[in-house]
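Note that these values count all heavy atoms, side chains included, but never hydrogens, waters or copies made by symmetry. We count residues from 1, following the sequence as given.
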Amino acid sequence: MIPTIDEGLMDEDTYRLIVLVCLVISVIISPLGIIFNIINIVVFCKLGFKESTNIILVSLAVTDMCMLLTILGMTLSTDLVVTSDRDILDAITLIILGWPNVLTTKIAGCLTTYLTFERFLCVVLPLRVKTILQKKTALTFIIALCLFSMAYSVPMYLANSIGLRFNPMSNQTSVGLIVAENSDVLEGFELMVSRCASNIVPVLIV
């Protein structure tokens, strides 16, 4: 769905033209990013995983590729690209594409922080960095990060789901977004944990 615009800022035609240009750019750049990330994954896999850096870089490439896939999906599901049932499309865009995009973005940020910390150790403790950050350390960090990220995203999926709902305006039952009664509490909990994790995890690493 295309976001709305306040009246008076610009006319509707100009706004839709700007959105269309952004969509075209996204459709061009996202596939390129996906292709280059696949190349990176192949290259690092051929190099092997004896170094912990290669493990983190492969994980970062996979995460970035998943993030670009969700962005491409959201781009192709806008009002300027499709004209089918908006209820199911909006639900899919939010649950299947939107939240995973946020999740992969945060995971990529934490992986980048880990790489920054590793570069810092290479400068401060060049002779001990390989003993401090071993393969087990990198694998443990990646697994813990993914499990934690998926765990605190559970409330969002409990608060919203895809199912049959009745639309009184059209007097029809169709597949769409179903919001739970306690969605505000669940989404507030997820937002609180997400903000705490975004601020605390990088500090703990550094």
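Both I35 and L60 belong to a common hydrophobic cluster when Ile, Leu, Val, Met, Phe, Trp and Tyr are linked at side-chain heavy-atom distances under 4.5 angstrom. Tracing side-chain contacts under 4.5 Å through hydrophobic residues (I, L, V, M, F, W, Y), one reaches L145 starting from I143; they form part of the same cluster. Taken together through direct or relayed side-chain contacts under 4.5 Å among Ile, Leu, Val, Met, Phe, Trp and Tyr, I29 and L72 form parts of separate hydrophobic clusters. When hydrophobic clusters are built by joining Ile, Leu, Val, Met, Phe, Trp and Tyr residues whose side-chain heavy atoms come closer than 4.5 Å, directly or via intermediates, L17 is not grouped with I28. With hydrophobic clusters built from ILVMFWY side chains whose heavy atoms lie under 4.5 angstrom apart, L111 shares a cluster with L47.
To the nearest 0.5 Å, atoms CG (L57) and CZ (F49) are separated by 10.5 Å. Interatomic distance, Y114 OH to I142 CD1, rounded to the nearest 0.5 Å: 8.0 Å. Distance CD1/I56 to OG1/T112: 10.0 Å, rounded to 0.5 Å. Interatomic distance, M74 CE to L23 CG, rounded to the nearest 0.5 Å: 11.5 Å.
Nearest approach of T105 to M67, heavy atoms of both residues: OG1-SD, 3.1 Å. Between G73 and L97, the shortest heavy-atom contact is C-CD1, 3.5 Å. When all heavy atoms of P31 and S26 are compared, the pair lying nearest together is CD-O, 3.9 Å. Heavy atoms only, all atoms of each residue included: T63 and T104 are closest at CG2-O, 3.0 Å. I107 and S149 make their closest contact through CG1-OG, 3.6 Å (heavy atoms, listed as atom of the first residue, atom of the second, distance). Taking all atoms of both residues into account, the shortest heavy-atom contact from N54 to G48 is ND2-O, 3.0 Å.
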Please test I38 against M65 for side chain to side chain contact (heavy atoms under 4.5 Å, CB included), starting from the C-alpha separation and ending with a verdict.
-> CA-CA 8 Å; I38 293 175; M65 182 180 65; 3.5 Å; yes
Decide side chain to side chain contact (heavy atoms under 4.5 Å, CB included) for T137 and F141; before the verdict, give the C-alpha distance in whole Å, the side-chain angles of both, and the deciding distance to 0.1 Å.
-> CA-CA 6 Å; T137 308; F141 175 78; 5.6 Å; no
Side chain to side chain contact (heavy atoms under 4.5 Å, CB included) between L139 and K136, worked out | CA-CA 5 Å; L139 289 173; K136 291 183 178 179; 5.9 Å; no
Which is it for R119 and T53 under the side chain to side chain contact (heavy atoms under 4.5 Å, CB included) test, yes or no, and what are the steps along the way?
-> CA-CA 10 Å; R119 295 306 94 189; T53 303; 3.5 Å; yes
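Taking 4.5 Å as the limit, some side-chain heavy atom of C45 sits within range of a side-chain heavy atom of I41.
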